[in-house]
Amino acid sequence: MKKFSILLMFVALVTSATAQMTQEEKEAFKFADKLIKKMTLREKFGQLEQFITRRGVVTGPGGVKCDIESAVRKGEVGSFLSIRDRNEALRLQKMAVEESRLGIPLIFGYDIIHGCKIIFPENLAMSCSWNIDAIERSARIAAEESAATAIHWTFSPMCDISVDPRWSRVSEGAGEDPYLGAKIAAAMVRGYQGNDLSATNTIAACIKHFAAYGAAQAGKDYNTVDMSELMFRNLYLPPYRAAVDAGAVTVMSSFNDFMGVPASGSKWLLYDLLRKELGFRGFVVSDWNAVHEMIIHGVAADGKDAAELALKAHLNMDMLGGDYIAYGEQLVKEGRISEKLVNELVREVLAVKYRLGLFEDPYKYGKQDLSEVYYRPENMQFARKVAAESMVLLKNDGVLPLQKGVKIALIGPFADAPKDQLGAWRGLGDEKRSITFRTALEERFGKENVLYTKACECGRYKNGLIEGGVEEAVKIAEQSDVVLLSIGLSGWHSGESRSRADITVPADQQELLDALKKTGKKIVVLLSTGRAMDIRNEVEKADAVLLTWHGGTMAGPAVADLVSGDENPSGHLTMSFPYYVGQIPVHYNSKNTGRPAKSQFKAQGYSASYVDIQNAPLFPFGYGLSYTEFEYSDLKVLTPTVELGGVVKVSVKVTNKGKVAGDDVAQLYVHDVVAETTRPVRELKGFERLSLKAGESKIVEFEIPTSELAYCHTDLSWKADKGDFDVWVGADSYAPLKGKFTIK
Ligand code: GLC
């Protein structure tokens, strides 16, 4: 019976996936098939190679020793990455189109991760806005600026779920939750690709890093990933699937081995799952040299083996490794790879180039007047707003918002740090366009009211207290009413290959905080970071903590808007902040176990807990304070029972009980009380960002199709159970307001 139901599911999936092929895709593949008939085998492998024009070790060994320009003229290069200059891109394009035998245009890819010229908050920060429209708009703006720069393709969105802030690439993702991560991934694909890939203000998206790269063991980048298929399908797959469903035309295979096989050589991942089950019809590019690195993984004896493994896994394009062009023809001649397979891989690449309009006009993405596209005022204003919405107020004893005329001591390594506030993966961001905390605060409160000193360094090359820095900091603190202390981790500490075992604030910055604490002045910590951290020390000693993340080009005005009260903080955490690094992985959607802790906030034995610290994180998923107070009441389950296939309806009343207007994020969580497998104690299944004036109330209605309550069963079927469910609504994952419903 089981085999028959899997076969049925397989047939249904295949028909549904291929049935969705659009007219545009059919036309693109038809064009590609015609062109392939004219191509030599070598030219075909040329389309499957991506090179870089500068040699060098950026994120790992890569780049082959070859004369790039003669390779272009021979049609042996299909793509370049990291071409930052439009004229250089157009020069290479002209060479490919006008000097190679068939004139097949190049496709240019780049890491436009959270903005191109205007840099938005790092992705983890932006996810804390819970503002899906804003996240889509940030991708749209990034696409416009990229397309004008002849960047046709971005290696984004990064869809990797992660529950481990030791892994520095959490800064590029959307936090720990699959439901929110899926919404954000789809929004970014829509933002980049729009409705017409051939338009000169849209670019190809790239779902990365496929797959489960964020589950690297011990939080060490590139490390092994191994988990049950159920866990993968329930917690890590949803954002990738959502991005495929949103129409992303490329995917990037990840560095890590996954269930024993490096992703770049995994036919199960790249073909059976990605194409046959999810219905993906674009092309897969490897991560940087990841095909060649399968030798180091120990599954390929040499480059030729690695190429064979990756080609058979249906990996279309080799980023930088050079093994496809080096060994592809031999592999076909030796019968190890069929030319039929090569044609399939090539057609998927050519079809994307066709859909981008590159065959119609290879130079179309280089004609706009950049001064009309870059840094549009309305986009800069938007960047300021989304940066403010991304910041999270973690503690406030009332010292915030600051009153007019207050004298501020602004201290710390990130208060006047135009490059650091851009975070990692800064695209074509220009630190000269950054508006720093210092600049914005001087403008908002008056230069004479802001005393500044850096006091210590933090970054790639310089770390530690500056000579006399603490003394200077104490001096200006004593001359001020309040201290704004900008500490945490630098932009260099975010992004690739920056994993840390210690996720506390650097010791020299803690020393600075202690010295300032002795002055007795009120202290507001402005926390710069690209990851969740253990900030118990700072929360205990500061009177307020505002998580500023790495807020991008307009981070300064956003901070000024928030600390002055011009804007009310509204960010909510999308990644738990651990109480201690030893808790990791700590996340809200954990399982109950057979011996749950009696209290999440007390150390205890004889339960799934610690005898030395609490179970609960310092700050939970969904948490965020405001300058006002929101009350959740009158939770109503409007559908106490609902048929499978129906819609669960829940409403709640939200009231702004305070004196100022504010935004909050109403969150809905469910628990499947008795399921076929153990299920998370809470799962996010709905949220709404709402604005309320002082004293205003609003009834928020949630509608959850039972299909959203589906999960992977032990027979790998994806379906919801009949039975009882608990439901909560509130302002974070501890929401106490509870109801029940039953699926019949
Ligand atoms: C890097 C990253 C990947 C990026 C690629 C191209 O190693 O892992 O996210 O897109 O190389 O720069």
Side-chain angles (χ1 to χ4, degrees), residues 49-64 78-84 89 107-116 122-124 139 142 146 149 151-162 167-174 185 188-189 192 203-216 219-223 225 239-240 243 248-258 262-264 282-294 296-297 315-322 423-429 492 494-499 530:
E49 280 294 356
Q50 178 182 63
F51 289 125
I52 201 161
T53 50
R54 72 188 189 288
R55 288 277 298 114
V57 177
V58 180
T59 69
V64 284
S79 171
F80 281 99
L81 76 147
S82 305
I83 306 278
R84 296 165 54 92
I107 180 172
F108 295 112
Y110 195 38
D111 292 287
I112 304 296
I113 306 300
H114 50 104
C116 180
E122 286 183 317
N123 308 80
L124 180 60
S146 303
T149 318
I151 295 170
H152 310 131
W153 170 31
T154 177
F155 303 128
S156 172
M158 188 271 223
C159 305
D160 305 322
I161 292 293
S162 182
W167 187 56
S168 49
R169 301 199 75 166
V170 293
S171 65
E172 304 171 45
M188 292 187 77
V189 170
Y192 290 133
I203 58 176
C206 182
I207 303 166
K208 76 181 187 184
H209 305 78
F210 198 65
Y213 179 39
K220 291 192 285 192
D221 208 356
Y222 317 123
N223 204 9
V225 173
Y240 301 123
V249 292
T250 74
V251 165
M252 181 183 291
S253 63
S254 55
F255 285 120
N256 55 286
D257 59 321
F258 182 59
S264 301
F283 73 81
V284 178
V285 63
S286 74
D287 203 337
W288 190 288
N289 200 39
V291 170
H292 200 72
E293 286 178 3
M294 287 200 282
I296 306 166
H297 272 288
L315 188 145
N316 304 74
M317 191 179 279
D318 167 23
M319 182 188 287
L320 286 174
W425 298 109
R426 295 188 292 276
L428 301 183
W492 180 80
S494 283
E496 187 170 351
S497 75
R498 311 279 192 259
S499 296

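Ligands are counted one by one from 1 in listed order, and the atoms in each one are counted from 1 as well. On a predicted model such as this, the values are computed, not experimentally measured, just so you know. Note that these values count all heavy atoms, side chains included, but never hydrogens, waters or copies made by symmetry.
With a heavy-atom cut-off of 4.0 Å, Glu172 does not touch ligand 1 at all.
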Inset, instruction - Give the C-alpha distance, both sets of side-chain angles, the deciding distance and a yes or no for ring-ring contact (aromatic ring centres under 6.0 Å, His included) between Trp288 and Phe255. - result: CA-CA 8 Å; Trp288 190 288; Phe255 285 120; 8.8 Å; no
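Ligand 1 has an N or O atom lying under 3.5 Å from an N or O atom of Lys208, backbone or side chain. The shortest N or O to N or O distance between Glu496 and ligand 1 is under 3.5 Å. Between Trp288 and ligand 1, not a single N/O pair is under 3.5 Å apart. Geometrically, ligand 1 and His209 share a nitrogen or oxygen pair separated by less than 3.5 Å. Remark: ligand 1 and Ser82 share no N or O pair separated by less than 3.5 Å (distance only, no angle test).
With sequence neighbours excluded, the residues that form a side chain to side chain donor-acceptor pair (under 3.5 Å) with Ser254 are Asn256. Under the side chain to side chain donor-acceptor pair (under 3.5 Å) criterion, Ser494 pairs with Glu122, His550, sequence neighbours left out.
In this structure, the ring of Trp153 has its center less than 6.0 angstrom from the ring center of Phe283.
Salt bridge annotation for Asp111-Lys208: present, with a cationic side-chain nitrogen under 4.0 angstrom from a carboxylate oxygen.
Under a 4.0 Å criterion applied to the non-hydrogen atoms of Phe255, ligand 1 contributes the atoms 7 (O), 8 (O). Set against the non-hydrogen atoms of Phe155, the atoms of ligand 1 under 4.0 Å away are 10 (O).
Here the rule is side-chain hydrogen bond (donor to acceptor under 3.5 Å, both in side chains) with Ser156, and of Tyr192, Trp425, Tyr110 only Tyr192 fits it.
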